[in-house]
Structure formats: C-alpha cells, structure tokens
Amino acid sequence: SLARRALDQEPVGQPILDQDNLAATIISTCTINGKVVILSRYGDPKWRLVGQPTNKGASEQYVDFNAIPAGWRATMKAILWHYMRRGREGKKRPSPRAVTKLLVDAKSFLQHLVRLNITRLADVTPFACSLFVDFCRQHRQRQGSARAGELLKASSLGQLYGAVEALHELSQYTRDVMPDHPWAGTSATHLAGL
C-alpha cells in the first residue's frame, strides 16, 4: 500500500515525534477504483489497520485508543506507530493483529499506572512493575466468564508481562522513555511460570 511504501523509505531510528504535522500522518490506505483512499491518520482516535483476514470482526480491524486511559493515548500512539513501522528488536514487522493485541495487553498495565498516579513511562520504576506482577498473580477472573473467580493462567500472565517488556523496548523510540527494564535479571515468561 501507499502507506507501507512510505514507511519503508523512512530512516531507521528517526524519533517518530520529530515529524512535522504528526496528526495528519497517514496510518492506512486502500485503493478503490484506482484511487488511493486514506482510511486513518495518526490523529484519529481509532486507526484502521489493513491486512487482516476478511473474516475478522470490525473490532479486530481497528486500534481503538478510546479503550485506554486518556492520559496514556499520546504515548501509546507513539509506541504503536513505531511498532508498526519497525517492529521489535530482532523481529519482523508485526501483523495488524499483533498491533491491536499489544494495545489490549498493555491496557491492564496502563490502568495499574493510573492507580499508582504515574502519568509518564519516564516515572515507571521496577518497583511499580513488581507491584503489577503481584496484582496480576492475585487477580481473579470476572464474574460472568467461564472461569469466574479463578486466577489467571500462566499464558495470560505471560501476555500481560510481555506487553510491559514491549512498552519498555518501544518507548526508547519516543519522548516518554521507560528508563529501566521492568524486571532486570528475569523475563516475562519466567515471571509467568512458562
């Protein structure tokens, strides 16, 4: 697509918030009757992602920033934009599903930071991250779910902790850098018991 070709021409390592007119930056396009149509821009509250299988529901084709705490939307846009552009260290560029999943998995951590009155990743400490690990280990499934009252599975914990590691890594390319690894000397998979 037009947006993908433009991304491929950008210099590696360029901080994404240094771009002029960031809100107008094209996130996704499609071609209809030979004309390129812009589906979403950086400033939109929802980003339409292209490349998903056609049998996916509408909610799986969008990154909805309205679903996360308002104070974290700008930071998450910067992180997801870099993730879409470059992927993570040593890995290929993510699929649209991986982009939406990162936002969903990061939501619990962002809500945790709101409870701690932390408003920037720059203020996140390994202690705040360890409190999140403890919170997740004690969290019970919500009423109405098939596993109501049960603790989270190791795979679910791994996804939540993995999102925190991704935020740390990807924040290094934004203006709101998480300074320390969330749990130095260990990993999300180890903490989850995987």
Side-chain angles (χ1 to χ4, degrees), residues 1-114 118-124 159-160 162-178:
S1 75
L2 177 65
R4 188 61 90 177
R5 286 195 303 273
L7 294 178
D8 290 335
Q9 295 171 4
E10 293 179 4
V12 175
Q14 175 184 355
I16 66 169
L17 295 178
D18 286 351
Q19 297 179 37
D20 295 331
N21 201 10
L22 187 61
T25 300
I26 296 171
I27 297 296
S28 60
T29 63
C30 69
T31 304
I32 299 175
N33 295 329
K35 292 186 178 184
V36 175
V37 176
I38 297 171
L39 299 175
S40 58
R41 295 180 182 271
Y42 190 96
D44 296 342
K46 291 182 180 181
W47 292 352
R48 169 80 189 271
L49 303 180
V50 293
Q52 290 273 48
T54 55
N55 65 344
K56 296 293 181 187
S59 65
E60 295 180 76
Q61 297 180 17
Y62 288 88
V63 174
D64 185 359
F65 294 99
N66 294 317
I68 61 170
W72 288 100
R73 291 176 189 158
T75 296
M76 287 308 298
K77 280 186 175 187
I79 284 172
L80 290 186
W81 181 229
H82 180 80
Y83 185 43
M84 290 168 56
R85 284 174 48 200
R86 300 288 172 219
R88 292 187 61 192
E89 187 69 34
K91 298 180 182 178
K92 64 180 183 171
R93 194 177 293 168
S95 68
R97 184 184 185 305
V99 174
T100 57
K101 184 159 177 29
L102 177 57
L103 185 67
V104 169
D105 290 345
K107 181 179 174 182
S108 293
F109 182 65
L110 299 176
Q111 290 169 332
H112 168 73
L113 296 178
V114 168
I118 295 174
T119 58
R120 303 176 322 138
L121 290 177
D123 297 331
V124 173
Q159 291 170 1
L160 294 172
V164 178
E165 288 181 350
L167 292 181
H168 171 260
E169 177 188 326
L170 295 167
S171 75
Q172 306 306 306
Y173 301 95
T174 72
R175 291 185 179 164
D176 186 12
V177 175
M178 187 188 297

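We use all heavy atoms of the structure for the numbers below, so side chains are in, but hydrogens, waters and symmetry mates are not.
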**Student:** Quick one: side-chain contact (heavy atoms from CB on, under 4.5 Å) partners of Pro45, sequence neighbours excluded?
**Tutor:**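 Residues passing side-chain contact (heavy atoms from CB on, under 4.5 Å) with Pro45: Asn66.
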
**Student:** Evaluate the side chain to side chain contact (heavy atoms under 4.5 Å, CB included) criterion for residues Gln61 and Arg48: first the C-alpha distance (whole Å), next the side-chain angles of each, then the deciding distance (0.1 Å), finally the verdict.
**Tutor:** CA-CA 6 Å; Gln61 297 180 17; Arg48 169 80 189 271; 3.1 Å; yes

**Student:** If only atom types and distance count, is the side chain of Ser171 paired as donor or acceptor with the main-chain N or O of His168 below 3.5 Å?
**Tutor:**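 Yes, because the side chain of Ser171 sits within donor-acceptor range (under 3.5 Å) of the backbone of His168.
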
**Student:** On a heavy-atom basis, which atom in Val99 and which in Pro94 lie closest, and how many Å separate them?
**Tutor:**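 It is CG2-CG, 3.8 Å.
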
**Student:** When you measure from the side chain of Gln172 to the backbone of Met178, do you find a donor-acceptor pair of N or O atoms at a distance under 3.5 Å?
**Tutor:**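 It does hold such a pair.
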
**Student:** Measure from the ring center of Tyr42 to the ring center of Trp47 and say whether it is less than 6.0 Å.
**Tutor:**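 For Tyr42 and Trp47, the ring centres are under 6.0 Å apart.
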
**Student:** Check for a donor-acceptor pair, side chain of Asp176 on one end and backbone N or O of Leu121 on the other, with a separation under 3.5 Å.
**Tutor:**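 Side chain of Asp176 to backbone of Leu121, a donor-acceptor pair under 3.5 Å: yes, one is there.
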
**Student:** Strictly distance-based, threshold 3.5 Å: is any side-chain N or O of Arg73 a donor or acceptor partner for the main-chain N or O of Ile68?
**Tutor:**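 Checking the backbone N and O of Ile68 against the side chain of Arg73, a donor-acceptor pair under 3.5 Å is found.
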
**Student:** Taking Ser28 for the side chain and Leu49 for the main chain, is one N or O donor matched with an acceptor at less than 3.5 Å?
**Tutor:**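 Checked: no pair found.
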
**Student:** Could you walk me through whether Val164 and Val124 pass side chain to side chain contact (heavy atoms under 4.5 Å, CB included), step by step?
**Tutor:** CA-CA 11 Å; Val164 178; Val124 173; over 6 Å; no

**Student:** What pair of heavy atoms forms the shortest contact from Glu89 to Tyr173, and how long is it?
**Tutor:**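 Shortest heavy-atom separation between Glu89 and Tyr173 comes out as OE1-OH, 4.0 Å.
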
**Student:** Grab the two heavy atoms, one from Pro69 and one from Gln111, that are nearest each other, plus how far apart they are.
**Tutor:**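 Looking at all heavy atoms of both residues, the shortest contact is CG-CG, 4.1 Å.
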
**Student:** Would you check, one step at a time, whether the test side chain to side chain contact (heavy atoms under 4.5 Å, CB included) holds for Ile27 with Asp44?
**Tutor:** CA-CA 9 Å; Ile27 297 296; Asp44 296 342; over 6 Å; no

**Student:** Do you know which two heavy atoms are closest between Ile118 and Trp72, and how far apart they sit?
**Tutor:**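 Nearest pair, atom of Ile118 first, then Trp72: O-CZ2, 3.3 Å.
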
**Student:** Grab the two heavy atoms, one from Ala67 and one from Lys107, that are nearest each other, plus how far apart they are.
**Tutor:**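 Closest heavy-atom pair between Ala67 and Lys107: O-CE, 3.0 Å.
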
**Student:** With sequence neighbours excluded, tell me which residues meet side-chain contact (heavy atoms from CB on, under 4.5 Å) with Thr119.
**Tutor:**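 For Thr119, no residue satisfies side-chain contact (heavy atoms from CB on, under 4.5 Å) once neighbours in sequence are set aside.
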
